Amino acid sequence: METTALYRTELLQVAEAVAREKSIERDEVLDAMEQAISKAGRAKYGHERDIRAEIDRKTGEVRLRRYTEVVEEVENELTQTTLKDARVRQADIEIGEFFFDELPPIDLGRIAAQTAKQVIVQKVRDAERARQFREYKDRVGEVINGVVKRNEFGNVTVDLGKAEAIMRRDETLPRENFRNGDRVRAYIYDVREEPRGPQIFVSRSHPQFMAKLFSQEVPEIYDGVIEIKAVARDPGSRAKISVLSEDASIDPVGACVGLRGSRVQAIVTELQGEKIDIIPWSPDVATFVVNALAPAEVSKVVLDEDSKRIEVVVPDDQLSLAIGRRGQNVRLASILTGWDIDIMTDEEESRRRQEEIKQRSQNFMDALDVDDVISHLLVAEGFESVEQVGYVPVDELAAIEGFDEDIAEELRNRARTYLEAHEKELEESRQNLGVQDDLMSVEGLSSEQVVHLGEQGIKTLDDLADLAGDELVEMLGEELALSEDKANEIIMAARAHWFADEDAAAAGSDESEASE
């Protein structure tokens, strides 16, 4: 490579050609060339020296200079000098400034030329990656079309024209094989600025890919008349999507299905035959869950809002349909609604109800010392615990058929006597276990729960504060169950004294500093 070639306009032409090919700025290519020539200059004149190359942006002329910094105290004689010595050369120079010496142009030998080429290629590649990131960082959530460039062990590299994207094996659909040159449509779910490797990540198994396909196929969704509320997918097998129409005159399910299924069929084809259930969304949780379990029929639902669980009762012949193959139907319905769904048959529900009634009746018989007739009457009227009997107004008890005010008063007194005795037993157990009084002051914990925790070694406020929400739920078990949200509230209440101590310590520190 002849040195004189660097002083002609060919250098600028090469820079412009590379810039066009890689879709980056010409100045970024010239900067890379300057760094490459600087590196070759340091190889010739000394790696310790501050040697910089500058390319004239108009003529292509290359200037090679050795820079020296003016400092108070010289630490490196090769790159620094004192103010006194510097002013011999330049009278008005100041500390922190540089002066330079022009160096003769260098002949780039074979090794130097190869090194320069590597630097240029790397810098151009870095500039190209930076351009790709800038262009695509705001396009997360879009569906793109590309051409398969490589397929390495199931990880597909997709050529997007001015950039490349990676679709990992777990982001493709099962049994989906791509060959070089295949056209592919995918969803951009992440764009990251990485120094090496892929930056743009696409998926065909992402739930939002299906949502975007519906937006493209259904004009009402694109226009915002119909809203997609939630999507759940078992990629390549089955999916559920819930939709809501802002216009009461438009059927959201019908609009998504299309005339003779034309709209949904186009999406099914794109997703390699994935079956799609289109569900009307409802603000009523019970209705939404029933819709989500389609095509199974539901006879009854029971909601537990604290734990976000819902029990669904179905006819015996609908159980397998409601659960689906390998639990697929109920799993997708749970993801779609955001609720944990427990499914049981009418027979199982009836058996469980009978067991609950029998257990409650026995509890009333033992606690209130009454016969089975009275206990069954209490259960039939909806009483679930001795506490409810003890603190219900007398007239409500007396209103039960077969009861009068005297019976109601007696039942209430017996309930309160039992509760007082039970509370006394719990208090004695708490003291015997060594559970501190401050644990009883935590709002949300009953005496039974405190004693149960004491039996497992939780005896102080700090012991409770050290737990995580799921640990507290697990410790209390099913009989004394808490929702995880409630458990987290209790733990935060137990930690309140930590924050109070920190605030007090901080306030004390501020006061001592002020007094000093």
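In this text the structure is predicted, and so the values were computed from the model without any measurement.
Residue-environment remark: NZ (Lys229) exceeds the threshold of 12 foreign heavy atoms within 6.0 Å.
In this structure, Arg168 forms no cation-pi arrangement with Phe201, as its terminal cationic atom is not both closer than 6.0 Å to the ring centre and no more than 45° off the ring axis.
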Set out, in order, the CA-CA distance, both residues' side-chain angles and the distance that settles side-chain contact (heavy atoms from CB on, under 4.5 Å) for Ile374 and Leu411, then state yes or no.
CA-CA 10 Å; Ile374 292 178; Leu411 285 174; 4.2 Å; yes
Passes side chain to side chain donor-acceptor pair (under 3.5 Å), Gln328 versus Ser237? Steps please.
CA-CA 9 Å; Gln328 185 184 63; Ser237 176; 2.8 Å; yes
With side chain to side chain donor-acceptor pair (under 3.5 Å) as the test, would you mind laying out the steps for Asp247 and Ser245 before giving the verdict?
CA-CA 5 Å; Asp247 187 337; Ser245 174; 5.6 Å; no
Give the intermediate values and the outcome of side-chain contact (heavy atoms from CB on, under 4.5 Å) for residues Val312 and Leu293.
CA-CA 10 Å; Val312 177; Leu293 284 169; 3.7 Å; yes
Could you check Ile310 against Asp304 for side-chain contact (heavy atoms from CB on, under 4.5 Å), going step by step and ending with a plain yes or no?
CA-CA 6 Å; Ile310 184 166; Asp304 181 355; over 6 Å; no
Show the numbers, then the answer: is there a side-chain contact (heavy atoms from CB on, under 4.5 Å) between Ser361 and Asp372?
CA-CA 7 Å; Ser361 295; Asp372 59 346; over 6 Å; no
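Using a 30° and 60° split on the angle between ring planes, His206 and Tyr187 fall in the tilted class, from 30° to 60°.
Nearest heavy-atom pair across Cys256 and Arg263 is O-CB, 3.4 Å. Nearest heavy-atom pair across Ile357 and His376 is CG2-CD2, 4.4 Å. Closest approach of Leu433 and Gly454 over heavy atoms only: CD1-C, 4.0 Å. Nearest heavy-atom pair across Ile144 and Arg139 is CG2-NH2, 3.8 Å. Here the closest heavy-atom approach between residue Leu453 and residue Leu445 is recorded as CD1-CD1, 4.2 Å. Nearest approach of Leu173 to Gly236, heavy atoms of both residues: CD2-N, 4.0 Å.
With contacts defined as side-chain heavy-atom distances shorter than 4.5 Å, the pair Met475/Ile458 qualifies. Between Val394 and Arg412, some side-chain heavy-atom pair lies under the 4.5 Å cut-off. Ile343 is listed as a side-chain neighbour of Ile341, based on a closest heavy-atom distance under 4.5 Å. Using a 4.5 Å heavy-atom threshold, the side chains of Phe288 and Ser242 count as touching. Taking the side chain as every heavy atom from C-beta outward, Arg430 and Ser447 never approach each other to under 4.5 Å. Taking the side chain as every heavy atom from C-beta outward, Gln272 and Arg175 never approach each other to under 4.5 Å. Looking only at side-chain heavy atoms (C-beta outward), Val285 and Leu303 come within less than 4.5 Å of each other.
In terms of modelled atom types and a separation under 3.5 Å, the side chain of Ser299 and the main chain of Val313 share a donor-acceptor contact. Between the side chain of Asp463 and the backbone N or O of Lys459 there is at least one donor-acceptor pair closer than 3.5 Å. Using modelled atom types, one side-chain atom of Asn151 and one backbone atom of Phe178 make a donor-acceptor pair closer than 3.5 Å.
Asn432 and Glu428 share no donor-acceptor pair across their side chains, judged by distance under 3.5 Å alone. The closest side-chain donor-acceptor pair between Gln388 and Glu384, if any, does not fall under 3.5 angstrom. With no hydrogens or angles considered, no side-chain donor-acceptor pair links Thr157 and Glu152 at under 3.5 Å. With hydrogens and angles left out, the side-chain atoms of Glu448 and His452 include no donor and acceptor closer than 3.5 Å. Neither side chain, Thr460 nor Asp462, offers a donor N or O lying under 3.5 Å from an acceptor on the other. A donor-acceptor contact under 3.5 angstrom links the side chains of Asp284 and Thr287, judged on distance only.
Remark: of the listed residues Val231, Ile226, Val243, Ile278, Ile278 is the sole one forming a side-chain contact (heavy atoms from CB on, under 4.5 Å) with Phe214. Arg351 pairs in a salt bridge (charged side-chain N to carboxylate O under 4.0 Å, His left out) with only one of the listed residues (Glu349, Glu355, Glu347), which is Glu347. Paired with Leu319 under the rule side-chain contact (heavy atoms from CB on, under 4.5 Å), one option of Leu321, Asp316, Ile323, Asp317 passes, and it is Ile323.
Checked against side chain to side chain donor-acceptor pair (under 3.5 Å), Lys149 has the following partners two or more places apart in sequence or in another chain: Glu164.
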